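Shown next, in structure tokens, is the structure this report addresses.
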Amino acid sequence: MADKLINITLPDGTVLNKPIGSTGYDIAFGISESLAKQSIAVEINNEFKDLSYPMEKDCSLKILKKDADYALELIRHDCAHVMAEAVQALYPGTQVTIGPAIENGFYYDFARDKPFTVDDLEKIEKKMHEIIDEGLEFKREVWNREEAIKFFENEGELYKAEIIKDLPGSEEITIYRQGKWLDLCRGPHLPTTKHIGKSFKLMKVAGAYWRGNENNEMLTRIYGTAWRTDKELRTYLNMLKEAEKRDHRKIGKEMKLFTFDEEVGAGLPLWLPNGSVLIEQLENLAKETENDAGYDRVKTPHITKGSLYEKSGHLSHYKDSMFPAMDIDGNEYYLKPMNCPHHHKIYASLPRTYKELPVRLAEYGTCYRYEKSGQLFGLMRVRSMQMNDAHIYCTEEQFKNEFLSVCNMYLYYFKIFGIEKYEMRLSLHDPEKLGEKYVDEPELWIKTEKLVRESLQDGELNFVEIPGEAAFYGPKIDVQVWSAIGREFTLATNQVDFAIPSRFDLTYIDKDNKNQTPLCIHRAPLGTHERFIGFLIEHFAGNFPLWLAPVQVVVITISDKFNDYANNVFKELKSNGIRVNIDNRSEKMGAKIRLAEINKIPIMAIIGEKEVSDNSISVRRKFKGDQGSLKLNDFIQNIKKEIDNRIL
RNA sequence: GCCAUUGUAGCUCAGUUGGCCAGAGCAGCUGAUUUGUAAUCAGCGGGUCGGGGGUUCGAAUCCCUCCAAUGGCUCCA
């Protein structure tokens, strides 16, 4: 009896007429034996499947080899399975939960009374090698739902049983076997464990909540990285090493930018003189830019009565992130987590008319937020922060223009700092969480979200929309950036606050002498000093452009015979506002140059006999080396120009 | 906050199964040297081993607790 035939279309358009139930492997083998050997999986009708998946009807077929992008995902996912088998072999009684492929690797979450430690990793890795060497075939099976649940419950795999129970009824329950071990899994997988190769490494252990919910039990997670070849693995590990060198905490220490002190408290950075230079330069930039854009500067206090935060909604929506209240003369006072309420009070302190709108109030205010201890992270997550903050009060007609101007201000800054990789995210509210996570104003949400979207579209800015990420008081644009070592951060933020008008009775008098309510835009293009500087350190690897460099020039003497002239040069530079040091130690020039290079000082002004005789200096640039000599005056003019123009 | 790891001189790190007054390099100080584009030589000083408590004849080393940092989870500028 002849089998029924189906049509299988290959990527080049060839149509093969093959028996029903043919697999990718069969087709590959039909083409060539070596192709069959190299094949690892298939794409059937644009869906990834096992190489052994039987085709039941007409379809398109693409055979994947190890060089396919998807191969990495398979290697990583299979690695996770093998690791789970290894763990259960070595530590009986451990339950498996989930174990996906992730960027650069994979993880698997286990439930075990005693969490794993890094010491366990070596053993597990060794066992994994054994399993891979066995070349076990990954076999897919479709199971009956109820039986599957019963099976896993009997095995004591309660998490797996729970996963199946929560899968939608339409979903097929599939399990994959590798030798005697099996796991609930959607697949697909490589043909055998041998296909995984040995280019993987277990990296670290971590705690992780079951289903990512902090009310659930803590599981123990093992992370690994996996690649096609040892070379790829080495490259990746090397990249991690390089990243460590750029870490802002390391460079911050080396360059004496900031420090933390146990006795001061966690998350409370102390800015050293060098770091304070950075702050000052950023503030100058912001003040200049905001001045040109029509902002007024204001100053507000660090502590405030609780009643103000009740009015603003902070106590009902943001209290967990605030430091606890202090009792002062029977009143509750709080450290301010944001500047908004104060700015609103400044707006409300005077009668406003349509003629003076938009009112733009800017402040580099220090705010304090209670971040849980486990989430503090260098300068990137701190408890005291200085925000490049401002609030813009405008009419509805002015809104789009104002909103767009703020976005363009980000882009202006990004250009100055050479930030090329960023993403604008429009964060929207989640209608189901009105009244709890978000202020309960359904129409206002929809209206302002529309306004924001349209202004971005009008400005032809690229953005993505993210539901459920809005601030409690309104939609926002967050700008994500990636530091040079791949860390992702929300840097700039631009938010609409529509809860304000009703809560704070903010008004203005319109043309018809009627009271109107302004819209409020809350923006922080440079985020906080702490995060922004942390980002900049990694972005520049500490090699700041001249205008930002804590020390811009170091005067280096070749011998102390030239100290008098060098001192004059030093004074001259200093009186021109250049941040300059002098190295007149009784050391060899090479040693002084080396020190300057290590300290990442952009310019060295070297002085010897020749320079003294013709009133010049020999210029050396960090990295670039000897730049020849210049008359002192020309040197100063050149530097000043570079600084004033904030040349990168 | 939760899980794991870590905390020795200003910095980077050694310190074997608990056992002589705790070590090195760099930095610092002093002296010699007077130097032309990434390290001149010599001498010297510097540590309540994160804090507190305990076990022990004896603790940097073992236990408890607190503090801080790191990697994650959760959360976020």
Side-chain angles (χ1 to χ4, degrees), chain A residues 107 109 112 114-121 203-223 244 247 249-250 253-254 256 259-268 318 320-321 337-338 367 369-382 385-389 469 471 476 478-480 489-493 495 522 524-532 534-535 556-563 584-598 604 606-611 618-629:
Chain A
Y107 68 79
D109 285 348
R112 183 177 181 233
K114 189 176 171 290
F116 293 109
T117 74
V118 281
D119 299 331
D120 298 316
L121 297 185
M203 303 293 283
K204 53 201 174 193
V205 293
Y209 297 108
W210 167 235
R211 301 206 149 159
N213 185 329
E214 63 179 324
N215 299 318
N216 289 345
E217 53 275 37
M218 172 78 51
L219 305 171
T220 164
R221 174 176 296 182
I222 301 177
Y223 281 96
E244 227 169 274
D247 191 300
R249 293 166 297 192
K250 185 174 160 65
K253 197 181 265 180
E254 288 165 357
K256 302 184 177 69
T259 187
F260 289 92
D261 189 296
E262 273 189 40
E263 289 194 288
V264 174
L268 304 171
Y318 204 75
D320 288 349
S321 300
M338 297 183 191
C367 295
R369 294 185 189 171
Y370 172 71
E371 299 286 353
K372 288 191 257 173
S373 62
Q375 44 211 38
L376 300 173
F377 171 59
L379 282 182
M380 303 299 198
R381 279 297 277 284
V382 292
M385 65 210 84
Q386 303 160 68
M387 308 187 77
N388 170 222
D389 212 358
E469 287 293 319
K476 62 176 180 176
D478 282 332
V479 186
Q480 297 299 113
F489 291 100
T490 302
L491 204 61
T493 183
Q495 320 178 339
H522 168 182
L526 297 176
T528 65
H529 281 327
E530 286 72 17
R531 183 173 289 181
F532 193 68
F535 169 81
I556 290 177
T557 52
I558 287 175
S559 129
D560 38 3
K561 283 187 283 192
F562 317 117
N563 278 358
N584 53 15
R585 292 173 305 155
S586 164
E587 269 289 356
K588 286 176 79 170
M589 182 189 56
K592 299 185 187 184
I593 288 175
R594 181 167 182 275
L595 185 67
E597 293 270 352
I598 288 171
M604 287 152 257
I606 297 174
I607 286 162
E609 194 166 357
K610 180 175 162 294
E611 287 72 26
S618 173
V619 183
R620 183 188 162 98
R621 282 264 177 178
K622 181 180 50 174
F623 298 147
K624 293 183 193 151
D626 196 349
Q627 306 285 297
S629 65

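Just so we're on the same page: letters track the sequence lines, and every chain starts at 1. Since we're looking at a predicted model, the values are computed, not measured.
Nearest nucleotide to the side chain of A:K610, out of B:C3, B:A77, B:G36: B:G36. Of all nucleotides listed (B:U35, B:A69, B:G50), B:U35 comes nearest to the side chain of A:M589. Checking B:U40, B:C11, B:G71 against the side-chain heavy atoms of A:K588 singles out B:U40 as nearest. Considering only the side chain of A:I598, B:A38 comes nearest among B:A38, B:U37, B:G71. Considering only the side chain of A:A591, B:A39 comes nearest among B:G1, B:A39, B:A4. Of the candidate nucleotides B:U34, B:C2, B:A77, B:A77 has the atom lying nearest to any side-chain atom of A:E371. Candidate nucleotides B:A38, B:A77, B:G36 were compared by shortest atom distance to the side chain of A:R369, and B:A77 ranks first. Relative to the side chain of A:R381, the nucleotides B:A77, B:G7, B:U37 differ in distance, and B:A77 lies closest. Ranking B:G71, B:U37, B:G1 by closeness to the A:K372 side chain, first place goes to B:G1. Among the nucleotides B:C76, B:A69, B:G71, the one closest to any side-chain atom of A:A266 is B:A69.
The gap from the C1' atom of B:U56 to that of B:A60 amounts to 16 Å, rounded to the nearest Å. A gap of 13 Å separates the C1' atoms of B:U48 and B:A22, to the nearest Å. For B:C49 and B:C62, the C1' atoms lie 16 Å apart once the distance is rounded to whole Å. Comparing the P positions of B:C63 and B:A59 gives a spacing of 15 Å, expressed to the nearest Å. Using C1' as the reference atom, B:U74 and B:C2 are 8 Å apart when rounded to the nearest Å. Taking atom P in both B:A14 and B:A9, one finds a spacing of 12 Å when rounded to whole Å. For the C1' atoms, the distance from B:C75 to B:U16 is 44 Å, rounded to whole Å. Comparing the C1' positions of B:A69 and B:G50 gives an interatomic distance of 10 Å, to the nearest angstrom.
The base of B:U74 lies close enough to the side chain of A:Q375 for a donor and an acceptor atom to sit less than 3.5 Å apart. Below the 3.5 angstrom threshold, one finds no donor paired with an acceptor across the side chain of A:T117 and the base of B:U5. At a cut-off of 3.5 angstrom, counting only N and O atoms as typed in the model, there is a donor on one side and an acceptor on the other between the side-chain of A:Y209 and the base of B:G1. Between the base of B:U34 and the side chain of A:S559 there is a donor-acceptor pair shorter than 3.5 Å. No hydrogens or angles were tested; on distance alone, nothing pairs the side chain of A:E263 with the base of B:G50 as donor and acceptor under 3.5 Å. Not a single donor-acceptor pair, N or O on each side, falls under 3.5 Å between the base of B:C73 and the side chain of A:R221. Donor-acceptor pairing under 3.5 Å, judged by distance alone, is absent between the side chain of A:E262 and the base of B:A68.
The pairing partner recorded for B:A32 is B:U40, the criterion being a Watson-Crick or G-U wobble arrangement whose two distances lie under 3.5 angstrom. Using the Watson-Crick or G-U wobble rule with both distances under 3.5 Å, B:C21 pairs with nothing in any strand shown. Pair assignment for B:A14: none, as no Watson-Crick or G-U wobble contacts are both less than 3.5 Å. Across every strand in view, B:C2 sits in a pair with B:G72 that passes the Watson-Crick or G-U test at under 3.5 angstrom.
Distance alone, capped at 3.5 Å, is enough to place a donor-acceptor pair between the A:Q627 side chain and the A:G625 backbone. Using modelled atom types, no side-chain atom of A:K476 and backbone atom of A:H522 make a donor-acceptor pair closer than 3.5 Å. Not a single donor-acceptor pair under 3.5 Å links the side chain of A:Q386 to the backbone N or O of A:E530. Checked by atom type and distance alone, the side chain of A:R369 never pairs as donor or acceptor with a backbone atom of A:S321 at under 3.5 Å. Although no hydrogens or angles enter the test, the distance criterion places no donor-acceptor pair under 3.5 Å between the side chain of A:R531 and the main chain of A:M385.
For A:K592, no side-chain nitrogen or oxygen approaches OP1 or OP2 of B:A38 to under 4.0 Å. Close to B:U12, at under 4.0 Å from its OP1 or OP2, lies a side-chain N or O of A:K253.
Along RNA chain B, the nucleotide nearest A:S586 and the nucleotide nearest A:Y370 are compared for position; the residue whose nucleotide lies closer to the 5' end is A:Y370. Comparing A:E530 and A:D560 against RNA chain B, the residue whose closest nucleotide sits nearer the 5' end is A:D560.
If you measure from atom CZ of A:F377 to atom C1' of B:G1, you get 19 Å, rounded to the nearest angstrom. Whole-Å rounding puts the A:R585 CZ to B:G28 P distance at 6 Å. Atom C1' of nucleotide B:G71 and atom CD of A:E244 are separated by 11 Å, given to the nearest angstrom. Rounded to whole Å, the distance from CG on A:D247 to P on B:U70 is 9 Å. In this entry the distance linking CZ of A:R211 with P of B:C3 reads 22 Å, nearest Å. Atom pair A:Q627:CD and B:A38:C1' shows a separation of 15 Å (rounding to whole Å applied).
Among the atoms of the strands shown, none is found under 4.0 Å from any heavy atom of A:T220. Residue contacts shown for A:E254 are absent, as no nucleic acid heavy atom lies under 4.0 Å away. In this structure, A:K476 reaches the sugar-phosphate backbone alone: every heavy-atom distance under 4.0 Å involves primed, P, OP1 or OP2 atoms, never a base.
For the atom pair CH2 (A:W210) and CD (A:E217), the distance works out to 8.0 Å, reported to the nearest 0.5 Å.
In the model, A:K114 has no side-chain atom that pairs as donor or acceptor with a side-chain atom of A:T220 under 3.5 Å.
No salt bridge links A:R594 with A:E587; every basic N to acidic carboxylate O contact stays at or beyond 4.0 Å.
Contact of the A:I556 side chain with the A:M589 side chain is registered, since non-hydrogen atoms from C-beta on lie closer than 4.5 Å.
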